[in-house]
**Q** 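Before I ask anything, here is the structure I am working with.
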Protein chains: 2
Amino acid sequence: MGLTKTEIFTEEQNRLATLLKALAHPARIAILQRIMVVNTCICGDLVGELGLAQATISQHLRELKNVGLIQGTIEGVSVCYCIHPENWKLLELHFGEFIRTYKGPAKCC
Amino acid sequence: MGLTKTEIFTEEQNRLATLLKALAHPARIAILQRIMVVNTCICGDLVGELGLAQATISQHLRELKNVGLIQGTIEGVSVCYCIHPENWKLLELHFGEFIRTYKGPAKCC
DNA sequence: AATATTAATCGTAATATTGCAATGTAATTA
DNA sequence: TAATTACATTGCAATATTACGATTAATATT
């Protein structure tokens with residue numbers, strides 16, 4: 001196999017898993033951190049910052065864009081990427097709900 | 001290739017990515033939600049709840065245990081799984097720091 | 001002791017991911 | 001118009017993931 005059985009899970013579970021999967025790579029974490037720090041949107045300097053090839057960075061950016069975590073605007077020759085405000089907030093909300101479902105250790109284990 | 005270049009990223013980036021990867025599957029989200037709700041630790045009823053084979057559930061549990069998000073205690077024939085309190089809190093903390101690095105839309109894009 | 005129950009592990013098939021060189025595309029500059 | 005710049009896309013090769021049947025290991029029950 002190798003194919004996730006998405007049909008047996010809820011929309012919310014699948015959506016959260018998809019977003020977390022997009023975050024689940026150190027390069028994409030690094031890319032997002034850089035985008036957040038360099039508030040004025042960055043473009044190609046990521047290739048210089050991280051030690052990955054241009055094609056690889058481009059692929060990671062596409063993945064982040066596909067799930068809606070970032071957005072890109074064409075600025076002449078270069079492309080300006082930045083966080084997608086609404087989706088970012090939604091992720092913060094839903095992940096927060098998920099992780100705070102845990103109310104401390106129960107009487108077991 | 002197919003091999004993440006972990007050596008070019010920081011400890012924190014790699015650790016967060018590893019934890020998020022463990023969460024980045026609907027089955028594992030569902031498993032964790034169930035463990036959190038059924039506060040008294042559950043064991044094999046996961047196989048009945050989710051529509052996945054026993055071997056598959058067992059594999060997902062191992063992944064969650066490997067990254068330290070859950071812990072398992074042998075209770076006679078069955079095994080009792082529950083959230084790993086400290087690591088769960090650490091994830092909440094570090095993810096929170098990460099996602100709250102974003103301070104709203106800047107003047108660009 | 002024989003059998004049943006619970007869960008881990010192994011082996012395998014199908015598919016996905018990671019990374020890069022090479023190439024393509026579109027806007028900019030010379 | 002030709003060359004350049006900035007990214008995207010394509011096409012691999014290497015490796016990882018997902019799922020499950022079959023088997024194994026360990027404890028419980030009869």
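Order of the sequence lines sets the chain letters (A, B, ...), proteins ahead of strands, with each chain counted from 1.
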**Q** Would you classify B:Leu52 as touching base, sugar-phosphate or nothing, given that sugar-phosphate means primed atoms plus P, OP1 and OP2, and contacts are heavy atoms under 4.0 Å?
**A** sugar-phosphate

**Q** Can you check the B:Glu63 CD to C:dA7 C1' distance for me, whole Å?
**A** 17 Å

**Q** Where do B:Leu69 and B:Ala22 come nearest, in terms of heavy atoms and distance?
**A** CD1-CB, 4.3 Å

**Q** How are the rings of A:His60 and A:His25 set relative to one another: parallel (under 30°), tilted (30 to 60°) or perpendicular (over 60°)?
**A**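 Tilted: the ring planes of A:His60 and A:His25 meet at 30° to 60°.
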
**Q** Any ion pair linking A:Lys89 and A:Glu92 (charged N to carboxylate O, less than 4.0 Å)?
**A**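 So A:Glu92 pairs with A:Lys89 through a salt bridge.
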
**Q** So, is B:His60 near the phosphate of D:dA19, with a side-chain N or O under 4.0 Å from OP1 or OP2?
**A** yes

**Q** Hey, does B:Glu75 reach any base, or is it just sugar-phosphate, or nothing, if we go heavy atoms under 4.0 Å?
**A**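 The answer is nothing, as B:Glu75 stays clear of every strand by at least 4.0 Å.
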
**Q** In Å and rounded to the nearest 0.5 Å, what is the CD1 to CG distance from B:Ile29 to A:Asn14?
**A**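 Answer rounded to 0.5 Å: 9.0 Å.
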
**Q** Taking all non-hydrogen atoms of both residues into account, name the closest pair between A:Gly68 and A:His84 and its distance.
**A** O-CB, 3.2 Å

**Q** Calculate the interatomic distance between B:Leu64 atom CG and D:dT18 atom C1'; express it in whole Å.
**A**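 Nearest whole value for this atom pair: 14 Å.
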
**Q** May I ask you to check whether over 12 heavy atoms, not counting those of B:Ile8, lie within 6.0 Å of atom CD1?
**A**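 Buried by this count: over 12 neighbours within 6.0 Å.
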
**Q** Rounded to whole angstrom units, what separation is found between the CG atom of A:Leu50 and the P atom of C:dC20?
**A** 11 Å

**Q** How close or far is atom P of C:dT15 from atom NE2 of B:His25, stated in whole angstroms?
**A** 15 Å

**Q** Polar pairs (N or O, both sides) under 3.5 Å between protein and nucleotides 3-10 of chain D?
**A**
from, atom 1, to, atom 2, distance (Å)
D:dC7, OP1, A:Gly44, N, 3.3
D:dC7, OP1, A:Val79, N, 3.2
D:dC7, OP2, A:Gly44, N, 3.1
D:dA8, OP1, A:Tyr81, OH, 2.4
D:dA8, OP2, A:Ser58, OG, 2.8
D:dA8, N7, A:Gln54, NE2, 2.8
D:dA8, N6, A:Gln54, OE1, 3.0
D:dT9, OP2, A:Arg62, NH1, 3.3

**Q** Applying side chain to side chain contact (heavy atoms under 4.5 Å, CB included), run through B:Leu46 and B:Tyr81 and close with a yes or a no.
**A** CA-CA 11 Å; B:Leu46 282 167; B:Tyr81 283 106; 5.7 Å; no

**Q** What does D:dA2 pair with, Watson-Crick or G-U, if both distances are under 3.5 Å?
**A** C:dT29

**Q** For B:Lys21 and for B:Gly51, locate the closest nucleotide of DNA chain D by heavy-atom distance; then report the residue assigned to the nucleotide nearer the 5' terminus.
**A**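 Per heavy-atom nearest nucleotide, the more 5' residue is B:Lys21.
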
**Q** Provide, to the nearest angstrom, the distance between the CG atom belonging to A:Leu20 and the P atom belonging to D:dT17.
**A**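 Going from A:Leu20 (CG) to D:dT17 (P), I get 16 Å.
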
**Q** Just the rounded figure in Å: distance from C1' of C:dA8 to CG of B:Leu46.
**A**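 Whole-Å distance recorded here is 15 Å.
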
